[in-house]
Amino acid sequence: KNAATVEITYDNGTFRNIEWNITVEPKGKSLYEVTFDGTIKEGFHGYAMKDFSAPIIEFENAEVVGDVVEPLTAEEHPDGLGGTSYCYYGKATYIYTIKAEAGTKVTGFVNATICSEENQCSGNAADFALIMPGEAKTGGDDSNGAQPLDWGSILTAIAWGFAALLTPCVFPMVPMT
């Protein structure tokens, strides 16, 4: 398998002012580049990671390696409180490097604050599941984790059982059984 399988589930009742496209590219031993491309509806804007209203992107069962990369340049936008926000219009891209095993399912969520030009904002949440490209590692055998019998220990236990029959407390009881 060279391509990742991607599933995105938008939370019920959430606003859909951004649509996500998630891609996964192998980058080395157990390392993958996960790109979140968001298409923002016209008349709305999203935020850069350096902004207070930055999107939250979490991986629940993979390790993030390094910092998020933002290949697009955010525009400055008045935040309505006399300060400046760093915003994306039309498109936002966030690239993460994660550590995961090939063939495993990595889950997580993304929640992006998307605002109108009048600064009326809403959360836009979605869960995602990614099956990492490549072949899953196998244990090398189909024994389902079963251990082989340790005949040495079994024979040792039987020998000690016969030796216990010769003790003064047990030997007189042997003829009774």
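Just so it is clear, the model here is predicted, and its values are computed rather than measured. All residue numbers refer to positions in the sequence shown, counting from 1.
- Put simply, the side chain of Ser85 never gets that close to the backbone of Cys87: no donor and acceptor are under 3.5 Å apart.
- Remark: Lys99 pairs with no residue by the salt bridge (charged side-chain N to carboxylate O under 4.0 Å, His left out) rule, at least two apart or across chains.
- Screening residues 34-54 for salt bridge (Lys or Arg N to Asp or Glu O under 4.0 Å) gives Asp37-Lys91 as the qualifying pairs, with residues at least two apart or on separate chains.
- Between Thr35 and Thr93, some side-chain heavy-atom pair lies under the 4.5 Å cut-off.
- Counting only heavy atoms from C-beta outward, the side chains of Ser122 and Thr113 never approach each other to under 4.5 Å.
- When all heavy atoms are compared, the tightest approach of Lys105 to Asn61 is O-ND2, 2.8 Å.
- Atom-to-atom distance recorded for Glu75:CD and Tyr88:OH is 10.5 Å, nearest 0.5 angstrom.
- A single hydrophobic cluster is seen to contain both Met49 and Leu72, as judged by linkage of ILVMFWY side chains at heavy-atom distances under 4.5 Å, directly or through other members.
- In the hydrophobic clustering of this structure, Ile57 groups with Val68; members are Ile, Leu, Val, Met, Phe, Trp, Tyr whose side-chain heavy atoms approach within less than 4.5 Å, directly or through other members.
- Closest approach of Pro26 to Tyr32, counting heavy atoms only: CA-CD2, 3.6 Å.
- In this structure, CG in Leu130 is found 7.0 Å from CZ in Phe59, a value given to the nearest 0.5 Å.
- The minimum heavy-atom distance between Ala48 and Ala54, with the atom names listed, is O-CB, 3.3 Å.
- Side-chain contact between Met132 and Ser30: absent, with no pair of heavy atoms (C-beta onward) separated by less than 4.5 Å.
- Side-chain atoms of Ile40 and Asn17, non-hydrogen and from C-beta on, never get closer than 4.5 Å to each other.
- Val64 is connected to Val106 through a chain of hydrophobic side-chain contacts under 4.5 Å among Ile, Leu, Val, Met, Phe, Trp and Tyr, so both are in one cluster.
- Here the shortest heavy-atom pairing between Tyr47 and Cys121 reads OH-SG, 4.3 Å.
- In terms of heavy-atom proximity, Thr84 sits nearest to Glu76 at CG2-CB, 3.7 Å.
- Note on Tyr94 and Tyr86: separate hydrophobic clusters, where clusters join Ile, Leu, Val, Met, Phe, Trp and Tyr whose side-chain heavy atoms are under 4.5 Å apart, directly or indirectly.
- Annotation: the span from Phe36 atom CZ to Trp20 atom CH2 amounts to 7.5 Å, rounded to 0.5 Å.
- The aromatic rings of His45 and Tyr89 are tilted relative to each other, their planes meeting at an angle between 30° and 60°.
- To the nearest 0.5 angstrom, Lys27 atom NZ is 4.5 Å from Glu33 atom CD.
- Side-chain contact check for Ile22 versus Val34: some heavy-atom pair is nearer than 4.5 Å.
- Side-chain contact between Phe109 and Ile56 is present, with at least one heavy-atom pair separated by less than 4.5 Å.
- Atom CD1 of Ile114 and atom CD1 of Ile18 lie 4.0 Å apart (nearest 0.5 Å).
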**Request:** Give the intermediate values and the outcome of side chain to side chain contact (heavy atoms under 4.5 Å, CB included) for residues Leu31 and Val65.
**Result:** CA-CA 9 Å; Leu31 291 177; Val65 179; 4.0 Å; yes
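- Going from atom CD1 of Ile158 over to atom OG of Ser153 covers 11.0 Å, rounded to the nearest 0.5 Å.
- With a 6.0 Å radius and a threshold of 12 heavy atoms from other residues, nucleotides or ligands, Glu19 has its CD atom above the threshold.
- Scanning both residues, Thr107 and Ala129, for their nearest heavy atoms gives CG2-CB, 4.2 Å.
- Take Glu63 and apply the salt bridge (charged side-chain N to carboxylate O under 4.0 Å, His left out) test, not counting sequence neighbours, and it matches no residue.
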